[in-house]
Amino acid sequence: MTIDLWLGLATGIAFGALLQIGRVARFEKQVGAMLLKDMTIMKFMLSAIIVGMIGINVLASLELIPLSVKSTVIGANLIGGIIFGIGWAIVGYCPGTSLAAVGEGRFHAIAAIIGMLVGAAVYAEAYPHLKSNILSWGKYGKLTLPALLGISPAIIIALLIIIFLALFSYFERKNL
């Protein structure tokens, strides 16, 4: 195995451990998130976004990694989001938490994993048709907030961190 595969395995294990520690792989946390009664998963995701924003931008500014922005395609984002949301609502798990749940011994989450694999296979078969239709709706190129607003990424990151911390505070005050 190459170093990249070992690093991928290590970060996957670390991510699974964090899902476990944060208790976000629990079915009741998933349902609570969907009902907007438990914001544990939202706080976990916002924390990951903060760490990712800072880490990726620091590494890119040090030229240790290339910053590769994907093109914005509204059709693909809408359809993908709808499919993801329906799947999450049906099985009560998202991809990461379904794997973590199986790791905890919650074998009913295997249905979610099978659903993901079937969905990936259906997508692969439908891709040639989708590519020229849905996946081309609303193509806007490589958009970023800093480029759209004409400001430094550091300002966007700082503003988002303030907003996310305000959300954390609100969730904690409301015992969510």
Side-chain angles (χ1 to χ4, degrees), residues 4 7-8 10-12 14-19 21-25 29-89 93-100 116 119-120 123-124 126-127 130-176:
D4 289 344
L7 288 171
T11 55
F15 182 67
L18 290 172
L19 289 174
I21 292 165
R23 302 174 56 89
V24 297
K29 294 289 183 186
Q30 299 288 323
V31 172
M34 286 184 267
L35 296 173
L36 302 177
K37 292 182 177 181
D38 186 338
M39 293 294 128
T40 302
I41 293 173
M42 178 65 76
K43 292 184 277 189
F44 187 88
M45 290 179 356
L46 293 175
S47 298
I49 291 168
I50 290 171
V51 171
M53 280 190 307
I54 294 169
I56 288 171
N57 279 280
V58 166
L59 291 172
S61 69
L62 295 173
E63 298 181 1
L64 295 173
I65 62 167
L67 188 57
S68 178
V69 178
K70 299 280 186 198
S71 292
T72 300
V73 182
I74 302 299
N77 290 340
L78 286 175
I79 299 302
I82 289 167
I83 292 169
F84 180 90
I86 289 170
W88 186 19
Y93 291 106
C94 67
T97 57
S98 64
L99 293 169
M116 286 186 294
Y123 176 80
Y127 182 78
L130 295 173
K131 183 178 179 184
S132 61
N133 291 302
I134 294 171
L135 299 181
S136 64
W137 298 344
K139 280 190 173 183
Y140 290 101
K142 297 183 177 194
L143 301 178
T144 65
L145 281 176
L148 285 172
L149 300 174
I151 58 178
S152 165
I155 294 171
I156 298 291
I157 292 169
L159 289 172
L160 287 174
I161 289 171
I162 291 167
I163 292 167
F164 292 174
L165 292 177
L167 278 171
F168 289 150
S169 177
Y170 174 78
F171 295 152
E172 290 301 311
R173 280 195 315 273
K174 297 292 184 178
N175 289 322
L176 294 173

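Model, not experiment: these values are computed from the prediction.
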If I take atom CG from residue L78 and atom CD1 from residue I83, how far apart are they, to the nearest 0.5 angstrom? 11.0 Å
Counting C-beta onward and ignoring hydrogens, is there a side-chain heavy-atom pair between D38 and L176 closer than 4.5 Å? no
Rounded to the nearest 0.5 Å, what separation is found between the CD1 atom of I74 and the CD1 atom of I79? 11.5 Å
Once rounded to the nearest 0.5 Å, what's the spacing between atom CD1 of I56 and atom OG of S61? 12.0 Å
Of all heavy-atom pairs linking T40 and G22, the shortest is CG2-O, 3.5 Å
Are any side-chain N or O atoms of T97 and backbone N or O atoms of Y93, one a donor and one an acceptor, separated by less than 3.5 Å? no
F168 and F164: aromatic ring centres closer than 6.0 Å? no
Under the 3.5 angstrom rule, does the side chain of Q30 hit a backbone N or O of V24 as a donor-acceptor pair? yes
Would a 4.5 Å heavy-atom cut-off, applied to side chains only, mark L143 and L148 as touching? yes
Within this structure, what is the CD1-CZ distance for the pair I41 and F44, rounded to the nearest 0.5 Å? 9.5 Å
Can you find a heavy atom in the side chain of L160 that is under 4.5 Å from one in the side chain of M53? yes
Does CE belonging to M42 count more than 12 external heavy atoms closer than 6.0 Å? no
With a 4.5 Å heavy-atom cut-off, do I161 and I54 have their side chains touching? yes
Stepwise side-chain contact (heavy atoms from CB on, under 4.5 Å) test for K43 and E172: CA-CA 10 Å; K43 292 184 277 189; E172 290 301 311; 2.5 Å; yes
If we only count heavy atoms from C-beta on, is the Y140 to S71 side-chain gap below 4.5 Å? no
Of all heavy-atom pairs linking P146 and S152, the shortest is CB-C, 4.3 Å
Does some side-chain heavy atom of Y123 sit less than 4.5 Å from a side-chain heavy atom of L130? yes
How many angstroms lie between CG in L59 and CG in L64, if you round to the nearest 0.5 Å? 5.5 Å
Quick check for you: to the nearest 0.5 Å, what is the distance between M116 atom CE and S98 atom OG? 3.5 Å
